[in-house]
Amino acid sequence: MPRPVALDGCEFDMTQVVLTDLTKKYLGATAPAVDRLNLECESGRLHALLGPSGCGKTTTMKMIAGLLKPNSGDIAFDGASVLHTPAERRGAVMVFQNYLLFPYMSVGENVGFGLKMRGVDKQTIRRRVAEMLELVRLPGIEARRPKQLSGGQQQRVALARALIVQPKVLLLDEPLSNLDAHLRDEMRELIRTIQQQMNITTIFVTHDQEEAVVLADRIALMFDGVLHQVDAPQRFYDGPVSARVARFFGGANFLPGQMHNGQFESRLGCFAVGQGAVLNGPALLTIRPEAIQLCAAESGSQQKNHLPGRIISRLYTGANTRVKVQVNEFTLTVIADPHAVDAARTGDMVTLYLAPERLWTLPIESP
Amino acid sequence: MERLRPYLMLSPALLIIMLFFLGGLGVGLMRSLNYMPIIGLTEPNLDAYVGILTDRTFLRSLGLTLYIAIASTAISMTLAVASGLLLRRSFRGKQVMTFLFQLNLPIPHIVGAIGILFLFTQGGFLARAAHAVHLIEQPADFPALVFDRYAIGIIAEYVWKEIPFIGVVVLAILQAVGDEYEALAQTLGANRWQRFRHVLLPLILPGVLSVSVIVLAFTLGAYEIPFMLGRSFPQALPVLAVRSYTDPDLNQRPQAMAMAIVITVFSTLLILAYMELSRRIVRKE
Ligand SMILES: Nc1ncnc2c1ncn2[C@@H]1O[C@H](COP(=O)(O)OP(=O)(O)OP(=O)(O)O)[C@@H](O)[C@H]1O
Ligand SMILES: [Mg+2]
């Protein structure tokens with residue numbers, strides 16, 4: 001059941017969004033842009049729709065907003081299909097990447113646009129516009145023209161213009177990708193704060209996994225129109241469903257072998273494995289680069305989950321150092337604290353420790 | 001030097017404008033004031049202006065010219081915007097339609113006028129066709145669409161020619177505007193009419209108005225179409241001016257020049273007024 005949340009005189013109905021087998025194939029395209037997508041967005045939460053360029057994120061958003069008709073499948077808000085509700089009455093407001101402030105209107109008129117379309121009286125509009133501008137921390141700029149604003153300010157005005165109509169669902173398409181790094185942090189924080197304050201069901205699109213992790217309660221990861229994993233951010237690091245997902249989140253180190261009674265057998269020996277997506281049979285063993293412990297050569301390379309290797313390269317990136325270690329014919333990537341590997345040189349022998357609880361198995365990739 | 005550069009680069013164009021515009025206008029102005037030192041007229045006066053401005057023929061011509069210009073601009077602008085909006089949608093055969101739409105862009109006005117004569121006169125193709133299928137008793141019963149009171153033939157020719165001209169600009173503007181503004185407005189709750197009225201129209205209006213100013217200026221000053229398709233009384237101002245100018249009575253010359261000057265001043269004022277008006281409309285949006 002939707003529960004109204006009060007905030008400065010605005011009430012938001014928290015809305016749950018469910019996509020069922022949602023499919024969109026553009027006219028003349030060979031493959032569908034979105035293929036049988038199933039996704040449940042909890043009410044009042046911030047969801048990230050993540051994936052590389054062209055994977056169908058905007059297409060999905062446009063279908064939820066009602067701007068694009070799916071070929072098949074269903075979209076339901078709070079259990080009721082909205083497939084036949086036109087965009088203007090659906091209550092899903094989309095904020096576009098390029099802000100799209102109406103250039104011929106003042107900031108105040110831009111923010112008040114949605115209310116004007118609903119025939120709200122001028123006085124109420126003026127009051128609500130002031131409230132919304134305050135909310136996005138741009139009080140008192142009603143009279144300015146969009147041209148006179150910076151990119152970050154335009155983005156915030158666009159957000160205010162969306163929030164003023166109290167949308168059931170807020171759809172943000174790459175809201176941060178046009179901003180420089182500093183502004184992006186500020187805007188992230190603002191989106192997060194407002195979203196939590198208002199408990200508004202929000203879906204935001206990004207191709208940046210870090211951004212998704214920082215902002216979202218849940219992440220839906222898409223490749224080529226297909227949803228691959230929907231989870232809490234942490235799970236994409238600890239428990240990816242495939243090597244592709246793991247790689248997208250910066251994972252490395254994939255070792256083919258066989259899983260047997262909690263033991264992983266491979267060309268590099270036998271490992272005790274805590275958990276995984278594959279518990280029996282052929283699998284890939286993976287461990288995140290930052291989870292590998294780099295030890296001195298003599299520290300027990302014969303023990304379980306220890307591997308002897310030779311450093312073949314190191315790259316200092318500021319916050320950490322990326323070390324590549326050759327173990328037989330395999331190269332493992334380790335991300336280490338720069339100070340811990342200060343003394344290590346290319347060519348040095350080292351021992352790697354792969355803690356069982358950090359190991360994870362994945363299905364073998366089809367070629 | 002660096003600062004002079006734009007002027008230097010513009011100088012050929014400026015020179016031509018000076019020579020023809022100011023030179024021509026200057027000579028015309030002098031002539032209209034009966035000031036021609038070469039032939040011994042050294043006392044300028046306003047006789048020619050008084051003459052034409054008190055002449056009912058001239059005033060009726062002025063009215064007709066205004067009516068033709070405003071009507072044909074307004075009609076072609078409206079139809080061009082409407083067709084632009086239709087051609088923006090995606091449908092089967094869109095490219096063919098767009099091509100047909102622009103087909104008469106390179107055709108000269110004069111050819112359009114001949115076409116209209118051929119089709120619409122009371123001895124023309126349509127009249128004869130209507131007669132042949134017994135819609136009318138004789139070709140002369142065909143409604144007067146050319147050389148007529150309401151200048152329908154003239155306006156039709158202008159509309160025929162200017163729709164694709166404005167339309168091409170409208171299509172380009174629509175392309176530049178894209179459809180995201182409307183999509184956004186729709187998610188904010190704007191219905192179809194509201195999206196047109198509050199989003200699309202204000203976005204395209206500045207461009208549409210600037211191109212229609214060109215059409216307005218052209219129709220105010222054009223000679224050939226009213227000459228070919230207009231009645232002999234009243235005549236459009238440019239026709240009247242040319243007739244006075246070519247009159248064997250040389251005393252008509254100053255009046256012809258005065259008419260030209262009045263046309264110039266008048267179109268300038270009208271265009272300025274139009275631009276100011278459109279600016280206000282755009283700002284109010
Ligand atoms: N109007 C369209 N007509 C045909 N194909 C389209 C259209 N819009 C998008 N596509 C195709 O559909 C696929 C998905 O596009 P979409 O815009 O949803 O991707 P995206 O994930 O938003 O990408 P990006 O991160 O670059 O914005 C792409 O292959 C794209 O080329
Ligand atoms: Mg996109």
Side-chain angles (χ1 to χ4, degrees), chain A residues 26-28 58-59 61-68 82 85-106 109-120 125 132 145-146 157-173 203, chain B residues 81 84-85 87-98 169-170 172-213 275-285:
Chain A
Y26 285 107
L27 221 63
T58 301
T59 304
M61 294 286 253
K62 283 188 171 166
M63 285 193 282
I64 299 173
L67 297 172
L68 207 57
V82 292
T85 311
E88 59 261 41
R89 280 188 274 122
R90 205 175 273 196
V93 173
M94 191 152 163
V95 177
F96 289 75
Q97 172 176 351
N98 38 356
Y99 326 131
L100 296 179
L101 297 184
F102 302 120
Y104 48 89
M105 288 183 185
S106 68
E109 288 165 333
N110 261 287
V111 175
F113 181 84
L115 295 186
K116 186 176 170 191
M117 295 303 106
R118 286 163 172 74
V120 175
I125 294 182
M132 285 300 132
R145 312 297 297 188
V157 171
L159 189 62
R161 179 175 62 179
L163 290 169
I164 202 167
V165 301
Q166 303 171 7
K168 288 183 177 153
V169 183
L170 181 62
L171 304 167
L172 307 170
D173 194 353
I203 305 175
Chain B
V81 170
L85 292 179
L87 287 176
R88 182 169 73 137
R89 306 205 187 147
S90 44
F91 55 88
R92 194 185 293 267
K94 169 176 171 162
Q95 274 173 343
V96 177
M97 286 307 291
T98 309
V169 179
V170 169
I173 296 171
L174 285 172
Q175 184 125 48
V177 164
D179 53 10
E180 285 198 323
Y181 278 106
E182 287 160 279
L184 167 91
Q186 195 180 2
T187 71
L188 287 170
N191 62 31
R192 189 182 283 270
W193 163 247
Q194 289 173 322
R195 295 199 293 277
F196 175 73
R197 170 64 185 80
H198 297 288
V199 181
L200 195 63
L201 199 58
L203 281 172
I204 66 170
L205 208 54
V208 171
L209 290 177
S210 352
V211 64
S212 64
V213 152
M275 277 161 60
E276 178 57 30
L277 187 74
S278 52
R279 231 198 326 266
R280 286 217 191 132
I281 294 173
V282 172
R283 208 177 304 143
K284 220 181 99 214
E285 284 299 334

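We use all heavy atoms of the structure for the numbers below, so side chains are in, but hydrogens, waters and symmetry mates are not. Chain A is the first sequence line, chain B the second, and so forth, proteins listed ahead of strands; every chain is numbered from 1. All figures in this text were calculated on a predicted structure; none of them were measured in a lab.
- Remark: side-chain polar atoms of A:K116 are not paired, donor with acceptor, to backbone N or O of A:N110 under 3.5 angstrom.
- Your options are A:G114, A:A65, A:G66, A:A87, and the one with the most heavy-atom pairs under 4.5 Å with chain B is A:A87.
- Note: A:L171 CG to A:I203 CD1 = 5.5 Å, rounded to the nearest 0.5 Å.
- Residue contact with chain B, scored on non-hydrogen atoms closer than 4.5 Å, involves the backbone and the side chain of A:F102 alike.
- Counting non-hydrogen atoms of other residues, nucleotides and ligands closer than 6.0 Å to CZ of A:R118 gives a total above 12.
- In B:E180, the CD atom is crowded: over 12 heavy atoms of neighbouring residues, nucleotides or ligands sit closer than 6.0 Å.
- For A:L67, the part sitting under 4.5 Å from any heavy atom of chain B is the side chain, from C-beta outward, and nothing else.
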